[in-house]
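Written out below as structure tokens is the structure these notes cover.
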Amino acid sequence: MTVNIGYGALVLTFIVSLYAIGAAIYGERNKKPRWVDSARNAMVLIFPLLTISAGALILLLVNNDFQVEYVASVTSRSMPTYLRVTALWGGQPGSLLFWSWLMAGFASAVTLRKWDRDREFLPWVIVVTLATLVFFLLLVVFYENPFVRMWQTPVGSVLTQIFQPTGSIPYVPGDGRGLNPLLRHPGMIIHPPLLYLGFVAFVIPFAFAIAALITGRTDDRWIRITRRWTLWAWLFLSLGLILGGRWAYDVLGWGGYWAWDPVEISALLPWLAATPFLHSVMIQEKRGMLKHWNMLLIIFTYDLMIFGTFLTRSGVLSSVHSFAQSAIGPLFFAFIGVTLIVSLYLLSRRWDELKAEAQFTSWLSRESLFMINNLLFVGILVVCFWGMIFPLISEIFTGQKVTVGPVFYENATGPLWLALLFLMGVAPLSAWRASTAKSLGRNLWKPAVISFLVPIILLLTGMISMAAILTFWMGAFVFSVTLYEFYKGAMARHKRAGENFFVALWTLMGRNRRRYGGYIIHLGVIFMAVGIIGLEVFQTETQGSLALGESLELGPYTMVYTSLSEFDTDDNRNVARAVVEVYEGDEFLTELYPRKDFFYESQQPMTIPGVRSTMEDDFYVIMADWKPITTKNATFKVYHNPLVNWLWVGSIIFILGTFVAAWPEKEDSPKRAKKSVSASEKV
Amino acid sequence: MNKKYWILGLIIILTLVVVTPAIAQNNTPPTDDEVNSLAKNMYCPVCENIPLDVCGTAACAQWRQQISDMLGDGFSDQEIYDFFALQYGDRVLAQPPRTGLNWLVYIVPPAAILIFAFVVFSYMKNKQKPTTDPMVAEAVEEQKEDEDDYQSQLENELKKRL
């Protein structure tokens with residue numbers, strides 16, 4: 001019954017979405033607003049419908065209905081309820097349904113906004129949004145259906161179908177295979193939903209961009225409408241990436257947070273297109289420039305988002321052959337091709353109407369520096385995209401796969417990230433339209449002088465890594481510039497309105513959320529850079545096999561192996577847990593418990609490190625499965641990760657800044673819009 | 001005379017080649033860290049995208065043991081990389097060797113960035129023409145006038161007040 005309800009709601013959503021697309025096009029073409037309204041109502045309906053479908057699948061997962069093939073493949077009796085719920089996105093069919101559900105949420109939400117001033121966009125926003133949803137529903141309904149059940153035929157074979165084949169009886173396995181152990185970490189529970197939210201939310205700005213191209217409303221209205229949608233999408237995507245990094249650090253057991261794995265890169269690519277978009281839309285809003293470029297960026301963000309999903313879902317990363325065998329791979333490929341070609345065609349049709357309304361007047365103006373920022377981000381995007389797809393190209397042309405590992409990405413993108421850090425310091429101090437070297441210098445010299453102390457101190461303390469010195473120097477520079485900006489703004493208010501300095505600072509941020517939210521994001525990036533350099537440049541590691549009572553030394557620490565126990569748990573795990581004591585010199589610091597879990601159901605091991613974390617460093621101990629472990633001997637791999645926690649602190653600041661920038665505020669009416677952007681008002 | 005030196009040199013080299021592994025075999029076995037310093041630059045063909053030094057599978061443990069044995073036998077790092085690449089293909093190396101089609105992986109990104117930079121700078125340099133519709137341009141400029149000067153007005157406010 002639950003299966004039928006879930007599947008029925010899914011099919012109904014598919015039909016309703018198709019109807020809404022048809023009605024929107026018909027209504028728009030024949031000037032019949034009632035049809036467009038009907039399409040809008042249909043679009044509101046799809047979220048509740050898919051909620052029924054997703055709810056039904058969650059119910060099946062929670063109730064261990066193992067006749068459903070998907071449930072049997074991702075859950076087991078020993079799993080706690082919350083993990084059975086998160087198993088919704090633990091496998092391909094479920095995660096595609098989950099993706100569609102979130103997409104439907106955004107689709108329904110966008111229809112509920114006020115459309116009085118942008119009525120002409122409505123039909124095309126419906127068409128673009130639902131065309132994307134229909135594609136994913138097509139995959140779920142026809143290729144990766146999570147409601148498929150197992151049936152036993154009279155001859156004993158097991159069939160997988162939605163409905164009961166004649167003569168068969170339901171086949172219900174005694175237990176399921178359980179969720180992949182790697183997906184049982186809290187970071188992994190939240191990471192996919194956030195990443196998906198980031199992905200699907202970018203469909204909305206893309207839909208408005210395409211609507212603007214179709215309708216010919218090529219002013220910056222579409223950008224103003226979608227500003228906050230874009231920021232929220234970016235927030236979710238950033239949060240998804242950060243949590244993915246944290247999960248990798250905690251679970252994957254290599255002592256790092258980012259391995260330049262193709263799956264990671266595929267999630268980073270839309271972010272690398274969306275971030276310059278967030279910057280360059282400001283140029284269009286303020287100066288009426290870069291209209292083509294912004295269209296291109298949002299088109300690429302959208303298609304890279306689909307491309308990322310395609311890469312992880314089609315099996316193409318394993319081999320081009322598995323792509324050919326995959327049912328959904330060619331469909332994804334076709335969808336990306338069609339959307340890209342149609343988008344670029346529409347853009348070409350409006351090319352002349354999107355000409356800039358102003359011109360670059362100075363190489364040091366804000367818009368010029370933002371343009372260089374765009375260049376650097378796109379440069380990183382090209383490196384990542386090319387490095388990721390090159391193994392496939394090599395396999396197609398030579399028949400031999402190659403590996404493009406972290407060293408390639410680090411060497412190629414490192415200088416570009418550093419240049420971006422430098423720009424983060426300079427660009428906020430430059431003026432729109434025109435900045436002279438003199439005016440820029442006047443703003444920059446104080447922070448520059450303060451920051452110059454950093455490399456001097458680092459060199460005097462014996463640091464020799466140029467990458468670290470330059471990054472810390474640039475970080476100090478951006479930090480000084482950003483704090484100085486806060487100080488200047490707050491002081492101006494404090495003196496003018498007589499407000500308390502902190503009240504002035506708060507009001508200033510409240511009135512210029514995007515600007516100061518952006519500055520907070522920049523501060524977060526600096527701290528993240530400190531953590532990244534700490535790990536990339538200063539990480540050390542060692543490994544050794546120890547008998548009980550023996551020790552390993554790394555950095556300022558010594559670890560002593562004191563005991564190992566092995567036991568089974570109620571949730572079907574075998575746990576081998578070591579106890580190690582950590583000392584700094586003779587001082588006892590703490591006990592750590594690195595362990596190895598073996599999951600009987602899925603026959604998979606999982607390594608959980610023992611970590612002593614401080615803001616100064618992490619002492620990260622893994623019990624490596626190097627040699628057979630006995631209770632007397634164990635092999636440990638130990639990492640000393642200086643400064644790494646600044647990465648997580650910076651991430652929190654980064655996210656807070658995005659919240660500040662994205663926080664909803666009342667949409668300006670046309671009259672108020674002009675008033676509200678007055679600088680004197682802001683100050 | 002020269003010929004004598006050549007022969008002498010050849011004998012020395014051959015002696016070194018023969019004797020070095022023997023000497024190496026007498027040394028203490030390589031440490032885990034020495035093995036890992038090589039293994040972290042290698043990938044086995046089965047465990048996708050997991051460097052050999054941290055991969056927990058039995059197959060990867062065997063590879064590490066093989067690296068350990070080869071180090072113990074006196075093979076150089078490069079010889080070990082070459083051996084594994086020859087046996088299992090270039091995909092075992094963390095970076096594609098700079099040969100043939102692989103050059104593209106190194107050339108395309110900087111070339112693309114340079115071309116894009118050229119396009120951007122040409123665009124910025126050539127963007128000197130005002131809009132064809134002066135009314136539109138004027139309206140936009142007027143609307144955005146006060147936004148543009150945020151920085152300078154902030155400075156002025158500060159000068160006046162401080």
Side-chain angles (χ1 to χ4, degrees), chain A residues 253-254 259 261-262 286-288 317-318 355-360 363 368 371 375 378-379 382-383 386-387 390 393-394 397-398 400-408 412 429 431-433 488-489 491-492 495-496 541-545 605 607 624-626 635 637 674 677-680 682-683, chain B residues 31-33 35-36 41 43 45 48-51 53-54 56 61 64 89-97 100-102 104-106 108-110 112-113 116-117 120 123-125 127-132 136-137 140-141 143-144 146-155 157-158 160-162:
Chain A
W254 81 83
D261 175 276
K286 308 267 186 199
R287 306 276 288 129
L317 288 172
S318 307
K355 278 192 173 156
E357 297 159 19
Q359 63 207 32
F360 285 100
W363 291 101
S368 300
M371 200 61 222
L375 168 65
V378 174
V382 168
V383 170
W386 185 242
F390 187 76
I393 292 174
S394 173
F397 287 103
T398 67
Q400 192 178 47
K401 269 196 96 164
V402 291
T403 303
V404 181
V407 178
F408 167 80
L429 296 183
W432 291 105
R433 287 188 296 194
K488 275 197 304 185
M491 278 307 283
K495 294 287 179 186
R496 185 171 67 91
E541 63 179 79
T542 189
Q543 179 173 305
S545 294
T607 308
D625 199 4
W626 180 264
T635 302
K637 188 160 180 139
K674 186 172 175 185
V677 294
S678 152
S680 55
K682 284 175 177 175
V683 174
Chain B
T31 64
D32 289 351
D33 289 344
V35 174
N36 280 345
N41 297 318
Y43 292 78
E48 277 173 25
N49 306 307
I50 303 175
D53 65 323
V54 291
R64 287 190 295 258
D90 288 343
R91 67 181 300 178
V92 301
L93 306 173
Q95 287 202 84
L101 187 79
N102 290 343
L104 286 178
V105 79
Y106 301 102
V108 167
I113 292 168
F116 184 49
V120 166
Y123 172 80
M124 286 161 70
K125 204 175 167 187
K127 213 71 191 150
Q128 300 298 326
K129 279 187 199 165
T131 174
T132 46
V136 172
V140 170
E141 287 300 311
Q143 188 191 340
K144 288 157 183 172
D146 42 14
E147 291 180 43
D148 292 347
D149 295 331
Y150 179 85
Q151 192 68 37
S152 57
Q153 289 193 33
L154 191 64
E155 292 294 333
E157 286 282 350
L158 279 170
K160 271 189 268 172
R161 311 279 177 189
L162 288 174

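Remember, predicted model here, so these are calculated numbers, not experimental data. Numbers restart at 1 for each chain; the letters A, B, ... are given by sequence-line order, proteins then strands.
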Closest approach of [X] to [Y] (non-hydrogen atoms, all atoms of both residues):
{"X": "Tyr43(B)", "Y": "Gly405(A)", "value": "OH-CA, 4.2 Å"}
{"X": "Lys401(A)", "Y": "Arg91(B)", "value": "O-CB, 3.2 Å"}
{"X": "Leu101(B)", "Y": "Phe390(A)", "value": "O-CZ, 3.5 Å"}
{"X": "Val382(A)", "Y": "Ala112(B)", "value": "CG1-CB, 3.8 Å"}

Which of Val120(B), Ile113(B), Asn41(B), Asp33(B) touches chain A most, by non-hydrogen pairs under 4.5 Å |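 Most heavy-atom pairs within the cutoff with chain A belong to Asp33(B).
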
Taking every heavy-atom pair that is under 4.5 Å apart, which of Pro96(B), Gly89(B), Pro110(B), Pro51(B) has the most such pairs with chain A?
->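 Answer, by heavy-atom pair count under 4.5 Å with chain A: Pro96(B).
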
So what's closer than 4.5 Å to chain A heavy atoms on [X]: side chain, backbone, both or neither?
{"X": "Phe116(B)", "value": "both"}
{"X": "Ile50(B)", "value": "neither"}
{"X": "Ala117(B)", "value": "both"}
{"X": "Leu93(B)", "value": "backbone"}
{"X": "Val105(B)", "value": "both"}

Under a 4.5 Å cut-off applied to non-hydrogen side-chain atoms, are Thr398(A) and Asn102(B) in contact?
->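 A side-chain contact under 4.5 Å is absent here.
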
Side-chain contact test, heavy atoms from C-beta onward, threshold under 4.5 Å: evaluate it for Asp53(B) versus Gln543(A) and give yes or no.
->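 No, every pair of side-chain atoms sits at 4.5 Å or beyond.
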
When you measure from the side chain of Thr403(A) to the backbone N and O of Val92(B), does any donor-acceptor pair fall under 3.5 Å?
->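 No; zero donor-acceptor contacts below 3.5 Å.
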
Select one option (side chain, backbone, both, neither) describing which atoms of Phe408(A) are under 4.5 Å from chain B's heavy atoms.
->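 Answer is both: backbone and side chain atoms of Phe408(A) are under 4.5 Å from chain B.
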
